Amino acid sequence: MEENSRSLKISNEEELKCEICLNTSKTSKIINYQGKNICMECYYSIKYPRDPQKMKKEIEDILKNTKKKNKYHCIMALSGGKDSIVALYLLVKEFKVNPLCVTVDNNYISDEAIENCRNITRYLNVDWIVLNRDFTELFKDTISRGESPCRKCSERIMREVWRVAKMLNIDVIVTGHELPFGTSSLKRLEGGITVVRLLAGYKLTDEERRKILKELPWKDPKLGGYTTNCLVLAPAIKEFYKKYGYSFEFRRICAMVRYGLIDKDKALQLLKCPEVPEKIYEELKRRGLDIKH
């Protein structure tokens with residue numbers, strides 16, 4: 001209670017800005033905490049701090065155990081984007097495990113991202129499979145309503161990867177997400193399978209990740225938004241912008257700023273309404289997704 005009465009005061013002023021991330025009083029509750037205006041998300045990040053070293057130890061422990069069980073020590077959910085490529089590199093080089101890489105091609109992964117998957121798996125000498133699926137109806141529905149397709153798309157992809165893990169009796173799935181589950185890099189799924197967000201144990205900045213990528217056979221397809229694999233993201237953000245006036249990636253980018261993974265200037269650039277080349281719309285239409293723009 002002392003903390004609440006002394007240093008946790010609700011600010012009544014309008015349009016206050018969080019001094020840590022990009023939130024304002026329009027997007028989050030702003031409080032005055034120890035002399036700083038901060039949003040509630042940043043307050044809870046201070047109250048319940050994330051410890052990358054502790055999370056890396058979690059990852060080491062679970063991968064050490066899974067090594068003993070199978071030809072493949074884990075599934076690596078590989079999208080071809082920069083984060084999953086960096087995660088795969090660290091998984092093989094630092095943790096010395098043998099993953100089965102699984103790419104769920106929802107019909108809208110860019111050709112360059114598929115080529116990046118092919119090149120990196122050959123470079124690291126690991127096995128790779130592609131599951132061909134078609135999420136056209138999902139994208140048509142969400143984008144036509146000006147909503148984000150990302151959560152539903154991610155859920156479907158993880159369901160497909162989970163099925164492979166279950167079928168092969170593999171109990172660990174590794175992803176390239178940089179933000180943890182609360183204060184842990186692990187999440188238990190049904191069927192005794194655990195998801196590991198490997199980059200949560202590193203606190204690598206965007207620049208540090210790109211430095212690793214420079215040493216690997218990976219090329220940036222320049223697709224717009226905070227993506228290096230998905231053809232749908234930038235057009236979807238643009239439609240969301242028309243309806244709401246901001247990017248649906250706002251909270252995630254805020255969290256990256258909060259935890260020092262990206263600086264504010266770069267974050268603000270990423271949150272601008274993306275310019276989408278006409279060739280992207282043409283490619284989407286060729287694949288079955290005709291977005292009126």
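Excluded from the calculations below are hydrogen atoms, water molecules and symmetry mates; all remaining heavy atoms, backbone and side chain alike, are included. Model, not experiment: these values are computed from the prediction. Numbers for residues simply follow the sequence, beginning at 1.
D220 is not listed as a side-chain neighbour of K82, based on a closest heavy-atom distance of 4.5 Å or more. Using a 4.5 Å heavy-atom threshold, the side chains of V86 and L213 count as touching. The side-chain heavy atoms of N106 and V232, taken from C-beta on, include no pair separated by under 4.5 Å. Side-chain contact between T24 and I30 is absent, with no heavy atoms from C-beta onward closer than 4.5 Å. Between V174 and V97 the shortest side-chain heavy-atom distance does not fall below 4.5 Å. You'll find the side chain of N23 stays beyond 4.5 Å of the side chain of C42, heavy atoms only. When side chains are defined from C-beta on, K56 counts as touching E94, because their heavy atoms get closer than 4.5 Å.
The aromatic rings of Y44 and Y48 sit parallel to each other, their planes meeting at less than 30°, with 60° as the upper class boundary. Ring pair Y281/H293 is parallel by interplanar angle, where below 30° counts as parallel and above 60° as perpendicular.
A donor-acceptor contact shorter than 3.5 Å links the side chain of E19 to the backbone of N37. Between the R287 side chain and the N107 main chain, a donor and an acceptor come within less than 3.5 Å of each other.
Remark: R210 CZ is packed, more than 12 non-hydrogen atoms of other residues, nucleotides or ligands lying under 6.0 Å away. Counting heavy atoms of neighbouring residues, nucleotides and ligands inside a 6.0 Å radius, atom OH of Y244 exceeds 12 of them. By the 6.0 Å contact criterion, NZ on K26 is open, its count of non-hydrogen atoms from other residues, nucleotides or ligands being 12 or less. Q53 CD: 12 or fewer foreign heavy atoms inside a 6.0 Å radius. The environment of CZ in R133 is crowded: more than 12 heavy-atom neighbours from other residues, nucleotides or ligands sit within 6.0 Å. Around atom CD of E155, more than 12 heavy atoms belonging to other residues, nucleotides or ligands sit under 6.0 Å away. Around the NZ atom of K266, the shell of radius 6.0 Å holds more than 12 heavy atoms that belong to other residues, nucleotides or ligands. Shown here is K211, whose NZ atom has no more than 12 heavy atoms of other residues, nucleotides or ligands within 6.0 Å.
Between the OH atom in Y33 and the CD1 atom in I20 there is a gap of 10.0 Å [rounded to 0.5 Å]. Note that CZ of F135 is 11.5 Å distant from OG1 of T142, once rounded to the nearest 0.5 Å. Here the straight-line distance linking atom SG of C254 with atom CG of L22 works out to 4.5 Å at 0.5 Å rounding. Considering OG of S148 and CD of E249, their distance stands at 8.0 Å, rounded to 0.5 Å. Expressed to the nearest 0.5 Å, how far CG of L270 lies from CG of D265 amounts to 11.0 Å. Interatomic distance, SG of C18 versus NZ of K36, reported as 9.0 Å (0.5 Å rounding).
Residues meeting the ring-ring contact (aromatic ring centres under 6.0 Å, His included) test with Y89, sequence neighbours left out: none. F248 is linked by a ring-ring contact (aromatic ring centres under 6.0 Å, His included) to F240, counting only residues two or more places apart in sequence or in another chain.
Taking the charged nitrogens against the carboxylate oxygens, K57 and E60 have no contact shorter than 4.0 Å, which rules out a salt bridge.
I291 and Y108 fall within a single hydrophobic cluster, where Ile, Leu, Val, Met, Phe, Trp and Tyr are joined by side-chain heavy atoms under 4.5 Å apart, directly or via other members.
When all heavy atoms of K140 and L289 are compared, the closest pair comes out as CG-CD1, 3.4 Å. Closest non-hydrogen pair, S247 versus I237, comes out as OG-CG2, 3.8 Å. Looking at every heavy atom in both residues, A200 comes nearest to S185 through CB-CB, 4.1 Å. Closest non-hydrogen pair, N116 versus I85, comes out as O-CD1, 4.1 Å.
T194 and R188 share a side-chain donor-acceptor pair at under 3.5 Å. One side chain, T136 or D134, offers a donor N or O that lies under 3.5 Å from an acceptor on the other. Side-chain contact check for T66 and D171: at least one donor-acceptor pair (N or O, by modelled atom type) lies under 3.5 Å.
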Taking only distance into account, with no hydrogens and no angle test, what donor-acceptor pairs under 3.5 Å do side-chain atoms of residues 70-81 form with protein atoms, sequence neighbours excluded?
residue : atom : partner : partner atom : Å
N70     : ND2  : L168    : O            : 3.1
N70     : ND2  : N169    : O            : 3.0
Y72     : OH   : D127    : OD2          : 2.5
H73     : ND1  : N98     : N            : 2.7
S79     : OG   : G81     : N            : 3.1
S79     : OG   : S84     : OG           : 3.2

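Here the options are E58, R50, K54, the test is side-chain hydrogen bond (donor to acceptor under 3.5 Å, both in side chains), and the partner is S184; only E58 passes. Under the side-chain hydrogen bond (donor to acceptor under 3.5 Å, both in side chains) test applied with E178, the options R209, R197, K203 reduce to a single match, R209.
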